[in-house]
Amino acid sequence: IPVPKPGANIVYVDAEMVPQILNESAQNYGMDRSKLFVMLPEPGEMIDLGQLRYQDRLTEMTALLQPELIIIDSLSSIHSGGQNNVEDIRSLIGYLIRLSSGAKCGLLLIHHIRKPASGQRMMNFDLGMEDLSGSGYITQQARVVLGLHVVQTGPDFDPNGPRELKVLKTNLGP
């Protein structure tokens with residue numbers, strides 16, 4: 001399938017605040033880094049998309065850059081509210097839906113899984129929707145939910161082993 005807009009801009013909201021790792025990854029993947037625009041927090045702050053001034057900043061970046069994709073890394077880091085109740089995230093998810101819909105671009109919202117039961121290693125089990133953290137409203141509003149986990153290839157867990165990207169939910173048509 002051909003890419004609709006090859007070389008289009010990407011906006012990356014770096015709430016994890018590790019631009020060096022992002023830059024290294026982009027370089028390793030051979031990405032055109034001139035098309036990757038990173039939104040970082042104001043000095044001494046954390047990005048909080050629950051605040052209107054950060055929403056305005058992202059909206060302005062999106063209008064100016066007309067990206068094909070907005071990446072938010074990660075949900076648990078981009079707002080000061082909780083994520084376990086629909087009331088905690090409804091307005092934030094609504095903002096993100098309006099933003100991507102208005103910009104006619106994709107939105108990739110990175111979110112973490114629940115902490116595993118004691119004795120289990122992170123990412124060392126087959127993922128299901130029940131393993132996602134936070135309110136079910138998060139996945140309810142998503143068009144597609146993908147999970148990433150380590151595939152065990154031997155008797156001992158290898159955190160650097162191969163990964164499987166699995167579709168956990170999709171409501172897209174054929």
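None of the values given here were measured: they were computed from a predicted structure.
- Within the 4.5 Å cutoff, no side-chain heavy atoms of Pro67 are placed close to those of Ile10.
- Side chains of Ile110 and Ile72 form no contact here, defined as non-hydrogen atoms less than 4.5 Å apart.
- Judged purely by atom type and a 3.5 angstrom limit, Tyr95 uses its side chain to pair as donor or acceptor with the backbone of Gln55.
- Within the 4.5 Å cutoff, the side chain of Phe37 has heavy atoms near those of the Met61 side chain.
- Between the side chain of Lys169 and the main chain of Thr139, a donor-acceptor pair closer than 3.5 Å is present.
- Taking CG of Asn23 as the reference point, atom CZ of Arg33 lies at 4.5 Å (rounded to 0.5 Å).
- With hydrogens and angles left out, the side-chain atoms of Glu42 and Tyr54 include no donor and acceptor closer than 3.5 Å.
- A donor-acceptor pair is defined here as one N or O able to donate and one able to accept, closer than 3.5 Å; such a pair exists between the side chain of Gln152 and the backbone of Gly154.
- Here the closest non-hydrogen pair linking Asn9 and Leu65 is ND2-O, 2.8 Å.
- In terms of modelled atom types and a separation under 3.5 Å, the side chain of Asn85 and the main chain of Glu87 share no donor-acceptor contact.
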Could you please spell out the steps behind the side-chain contact (heavy atoms from CB on, under 4.5 Å) verdict for Val13 and Leu58?
CA-CA 8 Å; Val13 179; Leu58 181 55; 3.8 Å; yes
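- Annotation for Leu92 and Gly50: closest pair CD1-N, 4.5 Å, computed over non-hydrogen atoms.
- With hydrogens and angles disregarded, no donor-acceptor distance shorter than 3.5 Å links the side chain of Arg90 to the backbone of Val86.
- Side-chain N or O atoms of Arg163 include one that pairs as donor or acceptor with a backbone N or O of Gly161 at under 3.5 Å.
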Please determine whether side-chain contact (heavy atoms from CB on, under 4.5 Å) holds for the pair Ile47 and Ser77, giving the CA-CA distance in whole Å, both sets of side-chain angles, and the decisive distance to 0.1 Å.
CA-CA 7 Å; Ile47 291 177; Ser77 300; over 6 Å; no
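- Put simply, the side chain of Asp48 gets close to the backbone of Ser80: a donor and an acceptor are under 3.5 Å apart.
- Heavy-atom contacts from other residues, nucleotides or ligands closer than 6.0 Å to CD1 of Ile21 number 12 or fewer.
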